[in-house]
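Because the structure is predicted, anything quoted here is derived from the model rather than measured.
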Amino acid sequence: MQKVYLSDSGPKVSEAIYGFWRWEDKGAETLTSMEKVVNLCLELGVNTFDHADHYGNHTIEEYFGKVIQQKSVKREDLVLFSKCGIRQSAHGFTYYDNTSAYITESVDNSLRRLKTDYLDIFLLNQLDRLCPPEETARTLMELVKSGKIKHLGVSNFTVFQHQLLESNLKRPIVTNHIELNLSNTTAIEDGRLDFIKQRFSKPLAWAPLAGGRILNGSDAKSVVLRSKLEEMGRKYDANVEQIAVAWLYQLGTLPIIGSLSEERIRNAVSAADIKLSHEDWYALYNLALLK
């Protein structure tokens with residue numbers, strides 16, 4: 001798998017990125033699965049891994065750190081992301097936190113769990129509407145200056161939120177994690193995709209298969225899309241999944257793979273080699289716009 005620059009200021013990442021947002025803490029079973037997935041990713045040339053402090057109830061980074069510690073892979077040959085910002089209330093609801101104390105604590109905990117001295121990218125996950133952006137930016141710059149963070153990113157930010165944070169930073173935001181797939185193209189229509197590209201960056205697309213809806217959804221739109229994807233698959237000697245992910249690659253986005261299935265990981269990686277014609281790409285986009 002090819003390596004590409006995420007932005008004009010770096011870093012270089014694999015075209016497909018593996019993310020752990022769907023993982024749960026199942027003890028020894030999680031460690032065994034983690035080792036298999038990490039080995040497969042490295043075998044396929046996927047060296048970029050996306051974490052967050054809260055994945056698996058704050059346990060997944062630790063499992064990953066244990067697996068990597070046992071391998072001979074060099075730290076400089078890996079690209080590690082982590083993020084924070086989403087918190088769970090004891091009363092059962094989600095809220096956002098961009099305060100200095102929380103960000104600093106989260107980064108330190110992620111470094112400890114991942115058994116590394118630095119994060120290649122730290123992403124702020126959701127904008128906290130109560131925390132002054134200058135406070136958040138000051139904290140991020142202190143973490144960069146300390147060497148704990150190499151690059152800064154955001155996740156699920158609107159264009160205006162992206163601009164607001166970046167206006168208080170002394171270095172560029174290198175990417176935005178956005179939901180983008182053939183079932184949800186709002187990031188194209190609302191300008192987020194164009195804004196990221198304007199910053200000479202590549203967006204990261206989470207849920208590239210819409211959480212399986214593209215493959216298994218029974219709603220009218222999913223059925224129509226799947227039929228077209230099957231038709232194109234025959235043309236390009238590929239399956240539905242490969243065509244759907246190829247559509248994202250061709251748009252200049254980098255998909256975040258979340259599946260534990262070896263077949264699906266291989267499909268997402270091999271999709272980078274499929275080049276759809278302009279007509280076929282837009283045929284799928286037109287179907288994606290259906291309500």
Side-chain angles (χ1 to χ4, degrees), residues 1-21 38 41-42 45-55 60-61 64-65 68 73-86 98 102-127 136-157 161-162 165-166 168-180 192-193 195-197 199-206 252-258:
M1 163 146 279
Q2 290 187 15
K3 307 299 187 293
V4 297
Y5 282 103
L6 191 55
S7 78
D8 58 351
S9 61
K12 211 166 190 179
V13 301
S14 50
E15 285 185 295
I17 292 156
Y18 191 87
F20 293 94
W21 80 90
V38 170
C41 286
L42 295 176
V46 177
N47 73 332
T48 307
F49 298 93
D50 177 55
H51 293 274
D53 61 351
H54 67 282
Y55 290 168
I60 300 304
E61 288 179 323
F64 183 90
I68 290 299
V73 62
K74 297 179 181 177
R75 172 63 182 90
E76 57 268 28
D77 292 332
L78 297 174
V79 183
L80 301 184
F81 301 177
S82 195
K83 63 184 85 68
C84 79
I86 298 177
N98 294 170
Y102 175 62
I103 291 173
T104 302
E105 180 183 14
S106 175
V107 168
D108 285 342
N109 285 337
S110 289
L111 294 176
R112 174 179 53 79
R113 290 189 292 253
L114 291 168
K115 302 188 187 305
T116 184
D117 296 327
Y118 66 92
L119 296 172
D120 294 279
I121 300 184
F122 172 78
L123 303 106
L124 198 59
N125 197 358
Q126 301 284 355
L127 181 74
T136 301
R138 182 171 59 251
T139 302
L140 294 174
M141 292 310 304
E142 288 172 356
L143 289 166
V144 169
K145 186 176 180 180
S146 72
K148 294 178 180 179
I149 295 172
K150 301 298 183 184
H151 300 275
L152 298 171
V154 293
S155 181
N156 302 307
F157 271 44
Q161 290 170 343
H162 191 146
L165 180 61
E166 195 166 50
N168 287 277
L169 292 168
K170 296 180 181 179
R171 59 188 298 143
I173 291 171
V174 300
T175 191
N176 187 2
H177 280 212
I178 56 176
E179 182 179 4
L180 181 58
R192 278 177 291 161
L193 184 69
F195 181 76
I196 298 164
K197 290 183 175 182
R199 292 296 193 268
F200 303 103
S201 300
K202 291 181 172 59
L204 306 181
W206 61 268
T253 64
L254 306 181
I256 302 179
I257 311 166

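Residues Leu80 and Phe64 come closest through the heavy atom pair CD2-CE2, 3.7 Å. Nearest heavy atoms, Ile173 versus Gly153: CG2-CA, 3.9 Å. In terms of heavy-atom proximity, Val174 sits nearest to Ser7 at CG1-OG, 3.4 Å. Between Thr136 and Asn98, the closest heavy-atom pair is OG1-O, 3.0 Å. Considering all non-hydrogen atoms of both residues, Glu15 and Pro255 come closest at O-CD, 3.5 Å.
Residues Phe49 and Leu42 form a side-chain contact, since some pair of their non-hydrogen atoms from C-beta on lies under 4.5 Å apart. Counting only heavy atoms from C-beta outward, the side chains of His177 and Ile256 approach each other to under 4.5 Å. For the pair His54/Asn125, a side-chain contact is recorded, criterion being any heavy-atom separation below 4.5 Å from C-beta on. The side-chain heavy atoms of Leu165 and Leu127, taken from C-beta on, include no pair separated by under 4.5 Å. The shortest side-chain heavy-atom distance between Lys150 and Pro11 does not fall under the 4.5 Å cut-off. Side-chain contact between Asp117 and Leu111 is absent, with no heavy-atom pair separated by less than 4.5 Å. Contact annotation: the side chain of His51 never approaches that of Arg113 to less than 4.5 Å [non-hydrogen atoms, C-beta and beyond]. Side chains of Lys115 and Ile68 form no contact here, defined as non-hydrogen atoms less than 4.5 Å apart.
Using a distance-only test at 3.5 Å, with no hydrogens or angles considered, no donor-acceptor pair links the side chain of Lys83 to the main chain of Phe122. Between the Asp53 side chain and the Cys84 main chain, no donor and acceptor come within less than 3.5 Å of each other.
Side chains of Thr48 and Ser14: a donor-acceptor N/O pair is present below 3.5 angstrom, by distance only.
Taken from CG in Leu123 to CZ in Phe157, the straight-line distance is 9.5 Å, to the nearest 0.5 Å. Expressed to the nearest 0.5 Å, how far CZ of Arg112 lies from CG of Asp108 amounts to 9.0 Å. The CG atom of Leu204 sits 7.5 Å away from atom CG of Asp50, with the distance rounded to the nearest 0.5 Å.
The number of heavy atoms from other shown groups lying within 6.0 Å of CD (Glu76) is above 12. Within a 6.0 Å radius of NZ in Lys170, no more than 12 heavy atoms belonging to other residues, nucleotides or ligands are found.
None of Leu119, Thr175, Leu6 except one satisfies the side chain to side chain contact (heavy atoms under 4.5 Å, CB included) rule with Phe81; the exception is Leu6.
Asp120 has a carboxylate O that lies under 4.0 Å from a charged side-chain N of Arg75, or vice versa, which qualifies the two as a salt bridge.
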